[in-house]
Protein chains: 2
Amino acid sequence: MADVAERAGVSTSTVSRTLRGLSTVSPEVRARVEQAARELNFAVSRQAASLVTGRTGNVAVLVPTLDAWFMGAALSSLAPLLRSAGMELNVYVIPDMAERTSFFERLPARRNADALLVFSFDLTDAETARLDGLGMPVIYVSQHVEGRPSVYVDDVAGALHGTRHLLNLGHRRIAFLETVGASGFSFSSNERLVGYRQALTEAGVPLDDDLVAATAVGDKRGTAEVLGRLLSLREPPTAIFAEQDEVAVAVIRTLRRTQIAVPERISVLGFDDQPLADWFDLSTVAQSPSDIGREAGELALRLIEDSQAEHERHVILPTHVIPRATTAPAPRPQDEQEADR
Amino acid sequence: MADVAERAGVSTSTVSRTLRGLSTVSPEVRARVEQAARELNFAVSRQAASLVTGRTGNVAVLVPTLDAWFMGAALSSLAPLLRSAGMELNVYVIPDMAERTSFFERLPARRNADALLVFSFDLTDAETARLDGLGMPVIYVSQHVEGRPSVYVDDVAGALHGTRHLLNLGHRRIAFLETVGASGFSFSSNERLVGYRQALTEAGVPLDDDLVAATAVGDKRGTAEVLGRLLSLREPPTAIFAEQDEVAVAVIRTLRRTQIAVPERISVLGFDDQPLADWFDLSTVAQSPSDIGREAGELALRLIEDSQAEHERHVILPTHVIPRATTAPAPRPQDEQEADR
DNA sequence: ATGAAAGCGCTAACAC
DNA sequence: GTGTTAGCGCTTTCAT
């Protein structure tokens, strides 16, 4: 910066003021400084600047993985937003418990970012408390944390509407397939289950715990077993609501391989609306990770400006049902009743 | 840091030495300092440290998007590797030309990272030259840049082996479907086309430009048109080699919707082996983005240590053919010949 | 509107 | 093995 100052024939203070766009610089001097900076290919050192301003210009995000549709979409909308605010994006990937423990022990983001976005973890109270002491705004994304700024989708309403969609098609025996996630990724299972139950209760359909099962993404065998169990119930489901598209697709493949027609005999509904859903013509409940990313980013920027504002703000985003080809009217109930006589 | 020093009854130098793990600290003092640091919840400011060491502790990556299988997988392997080397990961997402221009104009990574990984761009010479002047090691990933460290997959060999796989199944009319990418993402089209041609030439099968076509990911209509053109050739292909799984899947769906059996009448081969390939039982040429990410990260760390070492090193990774259910022996050629008589 | 000077929190010589 | 000291490159009072 001294070089630039010398070349422009001014002091470093003036260079600093110019480069930060302060208005207290005469146009003439400004032009000279800018030219000098350009000629010398000069860029301000964030490190040195942050040392005195106390702001790093970084936003940190804590994610369980980058290898998932949700994260990719969310960060793809978050990143340009931060950039246009002059902020850098710092990513911490915490794929397993070991990394997670180490992160919360060392808190490497400390003093290294102006805000932290925590994506999709089910944090313990101790972890939340630890983040409280981080000395920067922490925004919880895809999870609700009491009394802290959070951005998430209305999972209850999503599952409610999804279930209603199936009810409207005449289904009465509707199974719900939870995802048991790895690596602390929260799939909002509980919320979605609540919505499912709520819709059934609303419609006067009795709850049946036999219709609620769990499986893991990618666990083909497990999924097949779970399906086998559901289908061998005395009153098997005519529809299956999976709380994640990946699981829904696995279900469809398994059913079709077993010569069970989807949606003629069994309807399948997913949750997410990731590209996979379109590939498989899967009916699903859509959420928008890019909206989530954007809202979270905007909230972060506002909190950086004024850490008191919106201290406990919760941003709740909508979902909507997208009917495609895997949900259809339930097989006529009289058939089943006749079979029972 | 002064607080820690006072609490431990030592100088700040000793605190600094202790916290950086230098061995020139007596065990007894070390213990005292560490305890004090823990009690005060102290963490070293990277900003201040980097000001004097000249190293930022950041590795920057330039990516076209995060919303793609390849990037997610590559960064998911890169990130933990950097973390365990004590480095932070700084992500620059450049989704369009405007952002790209602005990035190369302002070079925000300048002075802000110790190395830059450039993923999957087709850079102009001017851009490469600009990066040369960045003052840090630049590693090119998923692309070969003459005389600069690069990490990429052997696309020629991949396409060669993929094409051979089809030739071995008896196919002689093999179409090649290029992807015309958006946002400067390089899909290594040219290399793969070279491999395809090489395999055909090797096998004495004449090249036919009518069999080489292009389409974009997600462009259903375009893909359908291209397929229509291929199928209405006087000698239509019995196999289609798409240079990306997504396109291969789009092809399969279009064919099946048109009642053309895959693989009975037409074989389809992809390239990538992303999860989608497994969902659709797609035969494909596999590459490993996580290996790419790891190799790139290791190379970056080595170059940070010694920027002269491996200055022009190219790391070339292998591919392998994964036959699944979408490639099968070509329809018996005598049928076609008889039809011609 | 501009400059001088102090200091942000740390590390690296250099002394002891 | 430990302390003292001098900056690293900026921003920010405070003068002028």
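Sequence lines set the chain letters: A, B, ... in the order given, protein chains first and strands last, and positions in each chain run from 1. Quick caveat, the model's predicted, so the values are computed rather than measured. When reading the values below, keep in mind they use all heavy atoms of this one structure, side chains included, and skip hydrogens, waters and symmetry mates.
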For B/E6, is the CD atom crowded, meaning more than 12 foreign heavy atoms sit under 6.0 Å from it? no

With heavy atoms under 4.0 Å as the rule, sort A/T24 into base, sugar-phosphate or nothing. base

Hey, are the side chains of A/V33 and A/F42 touching, using non-hydrogen atoms and a 4.5 Å cut-off? no

Less than 4.5 Å apart, side chain to side chain, heavy atoms only: is that true for B/L131 and B/F104? yes

Return yes when atom CG of A/D306 has more than 12 non-hydrogen atoms of other residues, nucleotides or ligands closer than 6.0 Å, and no otherwise. yes

Rounded distance (Å) that lies between atom P of D/dG3 and atom CZ of B/R17: 8 Å

Are any non-hydrogen side-chain atoms of B/L123 and B/V145 less than 4.5 angstrom apart? no

Just say parallel, tilted or perpendicular for the rings of A/F70 and A/F119, cut-offs at 30° and 60°. perpendicular

Need two values: the first and the last nucleotide of DNA chain C, 5' to 3', having an atom under 4.0 Å from any heavy-atom of chain A. C/dA1 to C/dC10

Could you list all the side-chain hydrogen bond (donor to acceptor under 3.5 Å, both in side chains) pairs where at least one residue sits in residues 106-119 of chain B, not counting sequence neighbours? A/Q47-B/N112, B/T56-B/D114

Given the rule in the side-chain contact (heavy atoms from CB on, under 4.5 Å) test, do B/I139 and B/V151 qualify, once you have shown the distances and angles that lead to the verdict? CA-CA 8 Å; B/I139 294 94; B/V151 178; 4.3 Å; yes

For nucleotides 7-10 of chain D, which of its nitrogen or oxygen atoms have a protein nitrogen or oxygen under 3.5 Å away, and what is each distance?
residue : atom : partner : partner atom : Å
D/dG9   : N2   : A/A48   : O            : 3.4
D/dC10  : OP1  : B/R111  : NH2          : 2.1

When all nucleic acid strands are considered with a 4.0 Å heavy-atom cut-off, which category describes A/T14: base, sugar-phosphate, or nothing? sugar-phosphate

